[in-house]
K.L.:
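Right, I'll just put the structure down here and ask away after.
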Amino acid sequence: MTTLEDLLKIPRFSDLKLLTHPAQINTIVESIEISETPDVANFIPKRIFLLTTAMVYKDNQQALISLIDSLKEQEAAGIGIKVGRFIETIDPEVVAYANKIKFPIVQVPSTQPLGALLHQLLNYLWDTKTEQLSYALDIQKRFSDLLIHDVSIARFIADFGKMINTPVILLSPYRKVIAHSKHFTQTSKPAEYYVEQLVEKYKSWNEDSHASFIIDDLNQLPLQIAGFSVTVNTYFPHYLLILNPEQVPYPMSEFAVEQACLVLSFMLYKNQKVQESLELLKSDFLGQLIEHQQTPHQVQRDWLDLGANYGLKKSTQYQIVYAVCSQTTTTATKIKYQQEESDVAFQWLQESLPHRVKYTSIFKVKNTNHLAILIQSKVNDLEQILQEISLELSDKLPITLTFSLGNLYETAEQIASSFIEAKTAYEETLAMTETPLIHRYHPKGMKSLFEKMSAEDIHYFCETTLKELAYPTEDSFIELRKTLKCYLSFQCEISKTAKEMYLHRNTIKYRIDHCAKLLGKNIQDPINSLNLRLALELSERSNQH
């Protein structure tokens with residue numbers, strides 16, 4: 001990367017005179033052009049240093065201002081104007097305007113032919129690029145050797161930091177330090193010290209694939225950091241940070257850094273696929289465990305032995321927590337996004353949960369983007385811990401983790417029950433207006449079996465079972481219904497019913513006989529009793545609606 005300042009410092013170009021402020025010559029020069037065309041800005045790429053005799057402007061130098069404006073808009077590196085042929089001196093007003101908009105003007109002496117100057121400048125640029133490319137290819141070869149020997153990511157980052165002789169840090173999508181060069185072992189602050197500053201100062205820094213930042217070093221002096229995206233996933237990339245990039249020895253080019261990012265992408269992708277194959281085995285195991293435990297008359301199996309490789313342990317406390325990434329209207333249709341989001345959440349839980357809850361194992365639920373957390377210990381403040389983990393992740397990335405909890409069980413054979421409860425609790429949240437971060441399973445009893453039935457079907461069941469007592473309006477039927485309900489709730493015992501209703505037992509006996517005649521069935525029969533109690537509950541609930 002060559003700047004205009006680099007060119008003007010070269011002895012052979014010492015007769016070129018900078019007319020504008022010296023602070024403005026840090027512009028990048030990628031090529032050189034000669035032109036006398038007023039609208040040349042429309043036909044040149046960015047970062048061009050333009051050479052001209054300004055013959056078109058010999059009688060009206062003020063028109064140079066329009067040319068300078070068009071070059072500035074095109075992000076040209078500057079303009080070199082030859083004096084002594086068409087223009088004797090450059091108008092001070094033109095120079096003042098160029099200073100105002102921070103655009104460099106270089107005076108080329110009459111003794112310097114523009115063609116020869118163009119050739120010399122381009123030779124220098126081409127030599128520089130050749131050297132940079134050669135260096136980058138050398139680094140690529142060294143990277144290839146590391147890949148062939150299957151080195152770890154930590155070793156790769158350490159070697160890369162040594163190659164470019166400056167500190168390097170690799171971050172996960174949620175900005176955790178995965179690896180860093182050995183430079184940090186020689187300082188009083190770890191790599192996390194710089195990352196924390198970066199995250200605090202630049203809240204949205206992860207939006208750029210290549211960005212530059214300024215933070216404070218150990219002596220509270222400005223420290224520059226260059227950040228590069230390492231793309232493994234489409235939506236949640238890793239990040240490579242290079243501290244003090246301005247100190248990287250020449251000719252270290254951006255191409256070489258891109259090579260490092262490419263190799264890291266490959267290494268991370270390979271590790272991810274290996275991990276996915278292991279998680280697939282875990283998912284299959286969980287599916288088999290749930291299916292087997294729901295099958296009646298199943299053959300006894302030693303699940304603790306079978307699940308030893310998947311984190312199952314002997315305990316008297318087993319509980320499933322069903323974890324799901326909450327979707328927005330924007331992400332609800334993005335299948336790839338949901339998959340990557342779930343993968344990031346899985347890694348986050350893998351790293352953050354074991355520090356707070358002992359004996360956990362996290363499974364990917366097969367054919368979904370959901371996660372099942374098996375907790376094998378008693379945790380009194382589990383809801384608070386899960387809430388903290390969810391909030392910490394959402395503070396780093398636009399991911400909201402929600403948790404649905406099954407009940408606690410004493411044996412591994414009951415894990416399926418906790419899983420079903422946790423999944424049921426999650427399904428309950430889908431019908432809620434606002435999805436809670438934590439939701440527990442609550443038993444709903446037999447009435448829950450009728451929740452998906454239509455109101456017409458429930459009404460028909462109640463009327464055929466209770467007849468006039470289903471939806472009574474007359475006082476006599478209302479009293480009979482109250483008596484029947486109380487009688488059934490006391491297991492058909494007349495004395496207890498009479499005591500509860502403050503009535504004589506003969507009155508209760510008369511009313512129950514009347515109910516039996518009205519309904520045309522034996523109320524004490526277990527099947528009739530169950531149907532009557534259920535019809536009483538359902539008709540009462542439908543009346544409330």
Side-chain angles (χ1 to χ4, degrees), residues 131-187 189-195 198 206 209-211 225-245 247-282 309 340 343-344 346-352 354-355 362:
E131 195 172 354
Q132 285 180 324
L133 183 60
S134 175
Y135 184 78
L137 290 173
D138 179 54
I139 278 190
Q140 187 180 45
K141 182 179 181 302
R142 293 166 72 179
F143 286 168
S144 299
D145 290 340
L146 292 174
L147 276 176
I148 290 169
H149 290 89
D150 198 26
V151 301
S152 66
I153 288 175
R155 165 74 187 282
F156 179 86
I157 291 295
D159 281 13
F160 181 55
K162 189 176 179 182
M163 287 178 198
I164 63 175
N165 197 29
T166 197
V168 176
I169 304 171
L170 179 65
L171 298 182
S172 71
Y174 40 84
R175 304 163 192 168
K176 179 183 176 182
V177 176
I178 297 176
H180 58 75
S181 57
K182 295 182 178 179
H183 297 81
F184 300 99
T185 58
Q186 302 162 6
T187 66
K189 296 287 186 182
E192 285 78 6
Y193 168 79
Y194 301 93
V195 176
L198 192 62
N206 57 335
S209 59
H210 177 196
I225 296 180
F228 301 84
S229 290
V230 180
T231 306
V232 183
N233 296 315
T234 306
Y235 298 97
F236 301 98
H238 290 66
Y239 296 95
L240 181 68
L241 303 181
I242 299 177
L243 280 63
N244 297 317
Q247 295 179 14
V248 174
Y250 179 84
M252 178 63 191
S253 66
E254 190 171 316
F255 176 72
V257 177
E258 289 173 355
Q259 288 295 307
C261 291
L262 183 64
V263 172
L264 282 169
S265 293
F266 174 80
M267 295 176 76
L268 289 165
Y269 182 78
K270 181 197 71 173
N271 291 352
Q272 179 177 295
K273 289 304 172 185
V274 171
Q275 185 63 33
E276 281 178 5
S277 64
L278 296 175
E279 295 308 326
L280 187 60
L281 293 175
K282 285 184 70 175
N309 292 331
E340 291 185 10
D343 290 340
V344 171
F346 178 82
Q347 291 299 326
W348 172 254
L349 289 171
Q350 287 272 55
E351 294 180 13
S352 58
H355 298 298
I362 306 171

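Source: prediction; values computed, not measured.
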K.L.:
Taking all non-hydrogen atoms of both residues, which atom of His183 and which atom of Gly161 are closest, and how far apart?
P.N.:
CE1-O, 3.5 Å
K.L.:
List in chain and number order the residues that pass side-chain hydrogen bond (donor to acceptor under 3.5 Å, both in side chains) with Tyr269, two or more places apart in sequence or in another chain; answer none if no residue qualifies.
P.N.:
none
K.L.:
Kindly compute the distance separating NZ (Lys189) from OH (Tyr194), expressed to the nearest 0.5 Å.
P.N.:
9.0 Å
K.L.:
Any side-chain heavy-atom pair from Leu240 and Ile157 closer than 4.5 angstrom?
P.N.:
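Yes; the side chains approach each other to less than 4.5 Å.
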K.L.:
Please output the side-chain donor-acceptor pairs of residues 271-278 that fall under 3.5 Å, not counting sequence neighbours, one pair per line with the distance.
P.N.:
{"residue": "Lys273", "atom": "NZ", "partner": "Glu276", "partner atom": "OE1", "Å": "3.1"}
{"residue": "Gln275", "atom": "NE2", "partner": "Glu279", "partner atom": "OE2", "Å": "2.6"}
{"residue": "Ser277", "atom": "OG", "partner": "Val274", "partner atom": "O", "Å": "2.6"}

K.L.:
For Phe143 and Phe156, take the angle between the two ring planes, folded into 0 to 90°, and tell me which bin it lands in: parallel under 30, tilted 30 to 60, perpendicular over 60.
P.N.:
tilted
K.L.:
Does a side-chain heavy-atom distance below 4.5 Å link Leu170 with Val177?
P.N.:
no
K.L.:
Is there side-chain contact between Ile178 and His238, with heavy atoms separated by less than 4.5 Å?
P.N.:
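Yes; the side chains approach each other to less than 4.5 Å.
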K.L.:
List in chain and number order the residues that pass side-chain contact (heavy atoms from CB on, under 4.5 Å) with Pro245, two or more places apart in sequence or in another chain; answer none if no residue qualifies.
P.N.:
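Counting only residues at least two positions away or on another chain, Pro245 forms a side-chain contact (heavy atoms from CB on, under 4.5 Å) with Gln224, Ala226, Ile242.
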K.L.:
Kindly indicate whether the side chain of Phe160, heavy atoms from C-beta on, has any atom under 4.5 Å from the side chain of Ile164.
P.N.:
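SC-SC contact between Phe160 and Ile164 confirmed.
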K.L.:
Using residues 145-154 as the side-chain source, report each donor-acceptor pair under 3.5 Å to any protein atom, sequence neighbours left out, with the distance given to one decimal.
P.N.:
{"residue": "His149", "atom": "ND1", "partner": "Asp145", "partner atom": "O", "Å": "2.7"}
{"residue": "Asp150", "atom": "OD1", "partner": "Lys270", "partner atom": "NZ", "Å": "2.6"}
{"residue": "Ser152", "atom": "OG", "partner": "Arg155", "partner atom": "N", "Å": "3.1"}

K.L.:
Identify, with sequence neighbours excluded, every residue that meets side-chain contact (heavy atoms from CB on, under 4.5 Å) alongside Lys162.
P.N.:
none
K.L.:
Check the orientation of Phe184 and His180. Use parallel for under 30°, tilted for 30 to 60°, and perpendicular for over 60°.
P.N.:
perpendicular
K.L.:
Distance check, rounded to the nearest 0.5 Å: Asp159 atom CG versus Arg142 atom CZ?
P.N.:
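CZ of Arg142 is found 8.0 Å from CG of Asp159.
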K.L.:
Considering non-hydrogen atoms only, spot the tightest contact between Cys261 and Phe228 and give its length.
P.N.:
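The answer is SG-CB, 3.7 Å.
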K.L.:
Using every non-hydrogen atom in the two residues, find where Pro237 and Thr231 come nearest and quote the distance to one decimal.
P.N.:
CB-CA, 4.4 Å
K.L.:
Return the minimal non-hydrogen interatomic distance between Glu340 and Thr234, and the atom names on each side.
P.N.:
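Looking at all heavy atoms of both residues, the shortest contact is OE2-N, 2.8 Å.
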K.L.:
Kindly write out the residues that satisfy side-chain contact (heavy atoms from CB on, under 4.5 Å) with Pro354, not counting sequence neighbours, or none if the list is empty.
P.N.:
Thr360
K.L.:
Return the CD1 to CD distance between Ile169 and Glu192, rounded to the nearest 0.5 Å.
P.N.:
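Ile169 CD1 to Glu192 CD: 8.0 Å, rounded to 0.5 Å.
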K.L.:
Do side-chain atoms of Thr166 reach the backbone of Leu243 as a donor and acceptor pair under 3.5 angstrom?
P.N.:
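It does hold such a pair.
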K.L.:
Search all heavy atoms of Tyr239 against all heavy atoms of Ser229 and return the closest pair with its distance.
P.N.:
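Minimum heavy-atom contact is CE2-OG, 3.7 Å.
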